[in-house]
Q: 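Here you go, one structure.
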Amino acid sequence: MANVGYIRVSTTDQETGRQLDKVVLDKVFEEKISSATPNRPILAECLNYLREGDIFYIHSIDRLARNLIELQNIVSSLVDKGVEVRFYTENLTFSKGSSPMQELMLQVLGAFAQFERKLIRERQQEGINNAKKQGKYLGRPKKLSDEDKKLILEMYNDGCTPSFIANKFDVSISSVYKIIKYKL
């Protein structure tokens, strides 16, 4: 029997330190990837690692699954395997013989998490649309001006290597090749 934790944050600049910091774990699987990403390799490795009798700790429901169906599938497959699943923040535990009330709580909280994610996306899109209407949202700023692109083409035609040009303009070599190929 092992205490196994799964810790996930959405971006590489976010910290995982606060998740499950008060739980004594034998093994921790840590992932820095959005839950919207369909393929989460560390989660897959973690789920594969779990054995009958293990206790699986997750900081909160939204750290484990993107939607209610995925949440239910993961929890029920682990419980069927003999793994106890504990959500730390929600103080919910699932194991063989869990009560119908516990299952209802999982479904309700999972549905709320899914609803909240949809609202966030909707508000984000509204903000982007409003910024575009006001001319403020123009996407990522361009690193190279049209004049820079002309200079790159001239340098290439004069015999400079794409790698030299990339270093000179502090861009990737693929950016230089793209300019050369499409004569941007």
Side-chain angles (χ1 to χ4, degrees), residues 5-21 28-47 56-77 85 87-92 104-153 155-156 162-163 165-184:
Y6 175 69
I7 297 172
R8 184 190 62 76
V9 291
S10 298
T11 62
T12 54
D13 60 332
Q14 290 178 319
E15 293 297 320
T16 58
R18 69 174 184 84
Q19 292 185 31
L20 302 177
D21 61 342
V28 177
F29 291 86
E30 189 173 307
E31 193 157 43
K32 293 189 175 191
I33 193 168
S34 168
S35 67
T37 306
N39 182 19
R40 290 177 281 159
I42 304 299
L43 176 60
E45 182 184 339
C46 177
L47 297 176
F56 181 44
Y57 289 89
I58 306 99
H59 180 71
S60 62
I61 287 174
D62 67 325
R63 300 291 90 200
L64 183 61
R66 303 182 293 266
N67 57 52
L68 182 57
I69 293 170
E70 182 183 28
L71 176 67
Q72 288 177 299
N73 287 341
I74 291 172
V75 171
S76 66
S77 70
V85 180
F87 293 99
Y88 183 75
T89 303
E90 294 85 0
N91 195 25
L92 288 174
L104 175 63
M105 287 301 297
L106 178 69
Q107 292 174 353
V108 168
L109 292 172
F112 274 120
Q114 183 176 324
F115 175 69
E116 182 181 20
R117 271 192 299 279
K118 285 184 178 183
L119 283 180
I120 289 169
R121 270 191 243 118
E122 197 175 276
R123 280 189 234 119
Q124 180 184 31
Q125 191 57 52
E126 284 175 11
I128 290 169
N129 291 342
N130 287 338
K132 282 182 179 179
K133 284 179 189 172
Q134 296 172 10
K136 293 180 183 175
Y137 186 85
L138 305 172
R140 184 176 174 191
K142 293 184 179 182
K143 194 160 189 176
L144 297 170
S145 67
D146 290 340
E147 193 165 307
D148 288 337
K149 291 176 184 179
K150 286 178 188 173
L151 240 139
I152 287 172
L153 282 171
M155 289 174 72
Y156 179 74
S163 128
I165 297 169
N167 286 332
K168 179 107 173 117
F169 286 88
D170 192 30
V171 295
S172 69
I173 198 162
S174 63
S175 294
V176 173
Y177 278 118
K178 206 178 289 180
I179 292 167
I180 294 166
K181 181 178 179 180
Y182 297 111
K183 301 194 184 336
L184 298 173

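Residue numbers count from 1 along this sequence. Source: prediction; values computed, not measured.
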Q: For D21, I'd like to know if atom CG has over 12 heavy atoms of other residues, nucleotides or ligands within 6.0 Å.
A: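 Yes - once you tally the heavy atoms of other residues, nucleotides and ligands closer than 6.0 Å, there are more than 12.
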Q: Where do L68 and Q114 come nearest, in terms of heavy atoms and distance?
A: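 Heavy atoms of L68 and Q114 come nearest at N-OE1, 2.8 Å.
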Q: Could you pull out the closest heavy-atom pair between F29 and I42, with the gap in Å?
A: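 Result for this residue pair: CB-CG2, 3.8 Å.
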Q: Does I61 form a side-chain contact (heavy atoms from CB on, under 4.5 Å) with L106? I'd like the steps, not just the answer.
A: CA-CA 8 Å; I61 287 174; L106 178 69; 4.1 Å; yes
Q: Salt bridge or not between K143 and D170? Use side-chain N to carboxylate O under 4.0 Å.
A: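 Answer for the salt bridge query: yes.
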Q: Determine the minimum heavy-atom distance between N39 and I33, stating which atoms define it.
A: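 That closest heavy-atom pairing would be O-CD1, 3.8 Å.
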Q: Is it the case that atom CD1 in I69 sees more than 12 heavy atoms from other parts of the structure closer than 6.0 Å?
A: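 Count not over threshold, so no.
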Q: Indicate yes or no for a side-chain donor-acceptor contact from R40 to the backbone of L64 under 3.5 Å, with no hydrogens or angles considered.
A: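 Yes; at least one donor-acceptor contact below 3.5 Å.
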Q: Apply salt bridge (charged side-chain N to carboxylate O under 4.0 Å, His left out) to R63 and list each qualifying residue two or more places apart in sequence or on a separate chain.
A: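 Partners of R63 by the salt bridge (charged side-chain N to carboxylate O under 4.0 Å, His left out) criterion come out as none, since no residue qualifies.
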Q: Going by atom types only, do N129 and Q125 share a side-chain donor-acceptor pair under 3.5 Å?
A: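 Looking only at side-chain atoms, Q125 and N129 do form a donor-acceptor pair, the distance falling under 3.5 Å.
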Q: Among I58, V75, L109, V85, which residue satisfies the side-chain contact (heavy atoms from CB on, under 4.5 Å) criterion with L92?
A: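 Per the side-chain contact (heavy atoms from CB on, under 4.5 Å) rule, the option paired with L92 is L109, out of I58, V75, L109, V85.
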Q: Which pair of heavy atoms, one from F56 and one from G5, lies closest together, and at what distance?
A: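 Closest approach of F56 to G5, heavy atoms only: CE1-C, 4.5 Å.
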Q: Check this for me: F169, atom CZ, are more than 12 non-hydrogen atoms of other residues, nucleotides or ligands nearer than 6.0 Å?
A: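 Yes - once you tally the heavy atoms of other residues, nucleotides and ligands closer than 6.0 Å, there are more than 12.
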